[in-house]
Amino acid sequence: MPSILKALRLVADPNRLRILLLLKREELSVNELQEILGMGQSSLSTQLSQLKNAELVEDRRNGKNILYRLKHPPGHLMELLREAAGEVPEAREDQAALDLVLEKRRDRMRAYFDELAGKFGRQYVPGRSWQGIAEMLLRLVPPMVIGDLGAGEGTLSQMLARGARQVIAVDNSAKMVEFGSKLAREHGLANLEYRMGDLEALPIEAESLDLAIFSQSLHHAQHPAQAASEAYRVLKPGGRAVILDLVRHHFEEARELYADLWLGFSEVELTGFFARAGFHSISTSIVHREQESPHFETMLAIALK
């Protein structure tokens, strides 16, 4: 039986408490715990080692992975952990993140398509390219009203305008709006309109869009949750919101290099933004992993109003 005093000293740390609460519910690997907690591997490994030495957790090998699980501490200690969980704000979000991790385990097809996507383009096949596939899919866009929110120079807006009824491109940079408007005129895209404005106070009428897109723009918003609420306001009932953004990372240099306010988002965070704004039928998936350091990952989140 583990030392009660030693165990109490260990679980007094919020991060170790969060780990125990997760392992109480499910056996997890280090990678899964990293994904849920957003902790570095070195720090997490240290925490797990301390918990294992105190006989609060145990591990076992499963193929190439090592899985950790709770080692049945005394009942009164578990009761104390449950009560202490209410004092750790992240604990509830951890449980939501765990739900996503378990969903990924069950979804073997997702793993299959991740592997398939990683192979695309590595072997030459005449006529096959991402550009060709993108053009095909864009031509299938129905005649809808689309908002490109945080459009930048508007490359995506211009591509969407080829099939959409109207595209409204919003950006808070006067130079970007001027440059994009010039390109739209030069390419004869009369259905593409650039507007200067903020993601958190969109210059778009309520219930006027069929589709609202944040393409690598949400991490520039001061208050991402408010931006999601604005998307909900401007969408028609039945409209969709799409977020394409970086998965939470630790590349601090991005703040200076790219003026990023947020170092990406977790699936739980994006799901929460949508849910609190009023959206339903929310789905998220990792759609790209960069091979080069710092190995950015791209997440796609879609929700329905």
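Nothing fancy with the numbering, it's 1 onward along the sequence. Excluded from the calculations below are hydrogen atoms, water molecules and symmetry mates; all remaining heavy atoms, backbone and side chain alike, are included.
L56 and L67 are assigned to two separate hydrophobic clusters, defined by single-linkage of ILVMFWY side chains at heavy-atom distances under 4.5 Å. Hydrophobic clustering keeps L304 apart from V145 (ILVMFWY residues linked when any side-chain heavy atoms are closer than 4.5 Å, directly or through intermediates). Under a hydrophobic clustering in which Ile, Leu, Val, Met, Phe, Trp and Tyr are joined whenever their side-chain heavy atoms come within less than 4.5 Å, directly or via other members, V88 and L28 fall into the same cluster. L20 and V30 fall within the same hydrophobic cluster, defined by Ile, Leu, Val, Met, Phe, Trp and Tyr side-chain heavy atoms under 4.5 Å apart, directly or through other members. Linking Ile, Leu, Val, Met, Phe, Trp and Tyr residues whenever their side-chain heavy atoms come within less than 4.5 Å places L211 and L160 in a single cluster.
The side-chain heavy atoms of R25 and D99, taken from C-beta on, include a pair separated by under 4.5 Å. Side-chain contact between D245 and E269 is absent, with no heavy atoms from C-beta onward closer than 4.5 Å. Residues L263 and R255 are in side-chain contact: their nearest non-hydrogen atoms beyond the backbone lie under 4.5 Å apart. A 4.5 Å side-chain heavy-atom check between I19 and Y68 finds every atom pair outside the cut-off. Between V167 and L189 the shortest side-chain heavy-atom distance does not fall below 4.5 Å. The shortest side-chain heavy-atom distance between I168 and L209 falls under the 4.5 Å cut-off. The shortest side-chain heavy-atom distance between L199 and F214 falls under the 4.5 Å cut-off. Between F251 and L257 there is a side-chain heavy-atom pair separated by less than 4.5 Å.
Separation of atoms CD (E26) and CG (L98) is listed at 6.5 Å; rounding is to 0.5 Å. The line from OG of S217 to CG of D148 is 7.5 Å long, rounded to the nearest 0.5 Å. Between M144 atom CE and D210 atom CG the span is 5.5 Å, to the nearest 0.5 Å. One finds the CG atom of L300 at 7.0 Å from the OG atom of S283 (value rounded to the nearest 0.5 Å). Atom CD of E252 and atom CG of D260 lie 10.5 Å apart (nearest 0.5 Å). Of the inter-residue distances, the one linking E27 atom CD with D59 atom CG reads 9.5 Å to the nearest 0.5 angstrom.
Here the side chain of S181 pairs a donor or acceptor atom with the backbone of V177 at under 3.5 angstrom. Although no hydrogens or angles enter the test, the distance criterion places a donor-acceptor pair under 3.5 Å between the side chain of N191 and the main chain of A164. H249 places no side-chain N or O within donor-acceptor distance of the main-chain N or O of E297, the cut-off being under 3.5 Å. E200 places a side-chain N or O within donor-acceptor distance of the main-chain N or O of Q222, the cut-off being under 3.5 Å.
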* Worked verdict on K305 versus F279 for side chain to side chain contact (heavy atoms under 4.5 Å, CB included) -> CA-CA 5 Å; K305 176 175 177 178; F279 289 98; 4.1 Å; yes
* Derivation and outcome, side chain to side chain contact (heavy atoms under 4.5 Å, CB included), residues E32 and L22 -> CA-CA 10 Å; E32 289 171 330; L22 288 167; over 6 Å; no
* To do: Apply side chain to side chain contact (heavy atoms under 4.5 Å, CB included) to V287 and L244, showing your working.
  => CA-CA 9 Å; V287 295; L244 192 66; 4.1 Å; yes
* **V141 and I146: CA distance, side-chain angles, deciding distance, side chain to side chain contact (heavy atoms under 4.5 Å, CB included) verdict** => CA-CA 10 Å; V141 174; I146 302 174; 4.0 Å; yes
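Residues R60 and E58 are not paired through a salt bridge, judged by the lack of any N-O separation under 4.0 Å between the basic side chain and the carboxylate. Salt bridge present: R233 and E230 bring a charged side-chain N and a carboxylate O closer than 4.0 Å.
Closest of all the heavy-atom pairs between A169 and S157 is CB-OG, 3.4 Å. Considering every non-hydrogen atom in both I66 and R61, the closest pair reads CD1-NH2, 3.7 Å. Between A97 and I36, the shortest heavy-atom contact is CB-CG2, 3.7 Å. Pairing each heavy atom of F273 with each of P224, the nearest pair is CE1-CB, 3.6 Å. Minimum heavy-atom separation, Q47 to D13: NE2-OD2, 3.9 Å. Pairing each heavy atom of E153 with each of Y194, the nearest pair is O-OH, 3.3 Å.
For K24, the NZ atom sits in a loose shell: 12 or fewer heavy atoms of surrounding residues, nucleotides or ligands are nearer than 6.0 Å. More than 12 heavy atoms of other residues, nucleotides or ligands lie within 6.0 Å of CD in E186, so this atom counts as buried by the packing criterion. For CD of E178, the number of neighbouring non-hydrogen atoms (other residues, nucleotides, ligands) closer than 6.0 Å is 12 at most. Within a 6.0 Å sphere centred on CZ of R240, other residues, nucleotides and ligands contribute 12 heavy atoms or fewer.
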